[in-house]
Number of protein chains: 2
Amino acid sequence: MSALLIKEAALVLFAEKGYDGTSLAEIADEVGLKKQSLYSHFKSKDDIFIQLLTETFVIEYEREKEFLQTHFADPLFDYLWKSLRNYTERYQTDSRLKFWLRLSFFPPYHLHDQVMQSLYAHIQQVDALYLQRFEQAVANKEMKEENAQTATIAFSALIDSICVELVYGGKEKAETKLQAVWTVYWNGIT
Amino acid sequence: MSALLIKEAALVLFAEKGYDGTSLAEIADEVGLKKQSLYSHFKSKDDIFIQLLTETFVIEYEREKEFLQTHFADPLFDYLWKSLRNYTERYQTDSRLKFWLRLSFFPPYHLHDQVMQSLYAHIQQVDALYLQRFEQAVANKEMKEENAQTATIAFSALIDSICVELVYGGKEKAETKLQAVWTVYWNGIT
DNA sequence: GTCTATACGTTGATAGAC
DNA sequence: GTCTATCAACGTATAGAC
């Protein structure tokens with residue numbers, strides 16, 4: 001059994017049931033092992049979790065960076081819209097997104113500070129990517145001659161609200177909300 | 001020891017550490033009892049939780065309703081702005097808000113369906129309150145002759161994003177975000 | 001109502017045979 | 001690397017003395 005498969009199983013369970021709600025026995029069971037055998041691959045439950053969290057931030061950042069590079073030349077409208085749709089599309093199938101939403105919001109109590117520190121760094125990096133595109137948009141006069149910072153912050157808030165809806169409302173409700181929010185947002189920045 | 005005080009202690013702990021992260025021993029300890037004594041007041045841990053959740057939805061709805069009645073005649077701008085500031089003001093001191101955010105997003109796994117059912121009903125009720133005011137605003141020409149429904153949904157999304165920021169960013173970051181989001185939102189609906 | 005005592009499963013984790 | 005055996009600590013919950 002590879003450590004990778006164990007982590008994948010853990011990712012799904014953590015995303016679905018939270019850290020405290022997931023036991024090592026469940027994780028082991030999912031990959032057909034006894035819980036004791038997990039200790040050949042990880043030195044503790046925290047170890048599994050921290051590894052997953054770290055990897056997740058790397059993966060998510062790379063995804064955003066690649067997205068920016070691929071779509072930088074697209075019109076602002078398309079760029080932002082595609083970026084948003086990305087979330088609703090992925091949420092259903094991608095446990096990693098669920099994992100990071102859930103465990104960033106509400107990390108295990110004893111790891112709170114550590115998680116938050118990583119989270120802030122990640123958000124800052126991602127916001128910086130979007131800011132680049134918004135500054136370009138201001139220069140191109142694709143949007144109101146307003147603070148690109150404001151548009152960035154509001155856009156990241158928009159993503160947050162969609163994620164919230166995905167978490168408790170599911171995809172259909174999120175799509176409805178996305179449409180309303182997007183209308184107002186685009187109106188607001190142009 | 002009154003059941004009320006026990007529930008208050010449980011509320012704070014659930015809000016801070018989640019359902020699985022909070023033990024009956026901690027709750028009891030907080031009010032100076034042994035964990036076994038809690039069973040004189042509640043028949044299970046779930047019982048405490050469900051009571052808190054039910055009460056919370058009632059209290060929050062009453063709060064919103066009263067707010068609407070008190071400020072219905074205010075200009076739309078003031079009405080919405082005050083409503084938003086309410087969240088950032090309360091979040092620091094009011095554990096009930098934290099409780100409902102956390103436990104609605106991520107309820108204990110075995111109570112997921114039950115919690116979600118109550119949550120949807122609550123959200124629907126609150127959205128209906130806001131919709132009333134937005135329809136009035138359209139009639140008053142306080143905003144663009146657009147769908148009041150869209151403005152309502154977008155506003156509730158706005159609240160969500162502020163709550164997210166309150167959860168993981170704290171009050172200061174939430175204030176910054178609020179300002180940016182509000183600028184774009186108001187621009188977007190007028 | 002609160003306590004002590006207790007039951008009993010589950011938790012994360014370690015030791016050692018194979 | 002995986003297993004069995006084992007552990008101490010903690011989880012929720014019950015019974016019964018006071």
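Just so you know, these numbers come straight off a predicted model, no measurement behind them.
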- Can you find a side chain N or O atom of B:Ser37 that sits less than 4.0 Å from OP1 or OP2 on C:dC3? yes
- Query: Does the side chain of B:Phe49 come within less than 4.5 Å of B:Ser44's, by heavy atoms?
  - Reply: no
- Query: In terms of the nearest nucleotide of DNA chain C, which residue is placed more toward the 5' end: B:Met1 or A:Tyr19?
  - Reply: B:Met1
- Message: Using a strict threshold of under 4.0 Å (side-chain N to carboxylate O), is an ion pair present between A:Asp94 and A:Arg63?
- Response: yes
- Item | Sidechain N-carboxylate O distance under 4.0 Å for A:Asp160, B:Lys177 | yes
- Could you state the atom-to-atom distance from CG of B:Asp20 to C1' of D:dT12 in whole Å? 12 Å
- Query: How many Å lie between CZ on A:Phe49 and P on C:dG12, as a whole number?
  - Reply: 14 Å
- Separation of C:dT11 atom P from A:Ile48 atom CD1, nearest Å, is 14 Å
- Pi-cation contact, A:Phe77 with A:Lys82 (under 6.0 Å, within 45°): no
- Query: Who passes side-chain hydrogen bond (donor to acceptor under 3.5 Å, both in side chains) against A:Glu89, sequence neighbours left out?
  - Reply: A:Arg85
Are there any protein N/O atoms within less than 3.5 Å of an N/O atom in nucleotides 13-16 of chain C, and if so, which ones and at what distance?
| from | atom 1 | to | atom 2 | distance (Å) |
| --- | --- | --- | --- | --- |
| C:dA13 | OP2 | A:Tyr39 | OH | 3.0 |
| C:dA13 | OP2 | A:Lys45 | N | 3.0 |
| C:dA13 | O5' | A:Tyr39 | OH | 3.2 |

- Task: Measure the distance from CD on A:Glu26 to P on C:dG9 and round it to the nearest whole Å.
- Result: 18 Å
- Note on the structure: Here the distance between atom C1' of D:dC10 and atom NZ of B:Lys34, to the nearest Å, is 15 Å
- Query: Is A:Glu26 reaching over with its side chain to a backbone N or O of A:Ser23, donor-acceptor style, under 3.5 angstrom?
  - Reply: yes
- Write down the distance between CG (B:Leu38) and P (D:dA15), rounded to a whole number of angstrom. 17 Å
- Query: Between B:Leu166 and B:Lys171, which heavy-atom pair has the shortest distance, and what is it?
  - Reply: CD2-CA, 4.2 Å
- What nucleic acid atoms does B:Ser2 come within less than 4.0 Å of, heavy atoms only: base, sugar-phosphate, or nothing? nothing
- Query: Roughly how many Å is it from CG in B:Asp29 to P in D:dC10, rounded to a whole number?
  - Reply: 13 Å
- Item | Nucleotide nearest B:Leu33 when distance is taken to its side chain, options D:dT2, D:dG11, C:dT2 | C:dT2
- Task: Assign B:Ser23 to base, sugar-phosphate, or nothing according to its heavy-atom contacts below 4.0 angstrom with the strands shown.
- Result: sugar-phosphate
- Message: If I take atom CZ in residue B:Phe42 and atom P in nucleotide D:dT12, what distance separates them, rounded to the nearest angstrom?
- Response: 14 Å
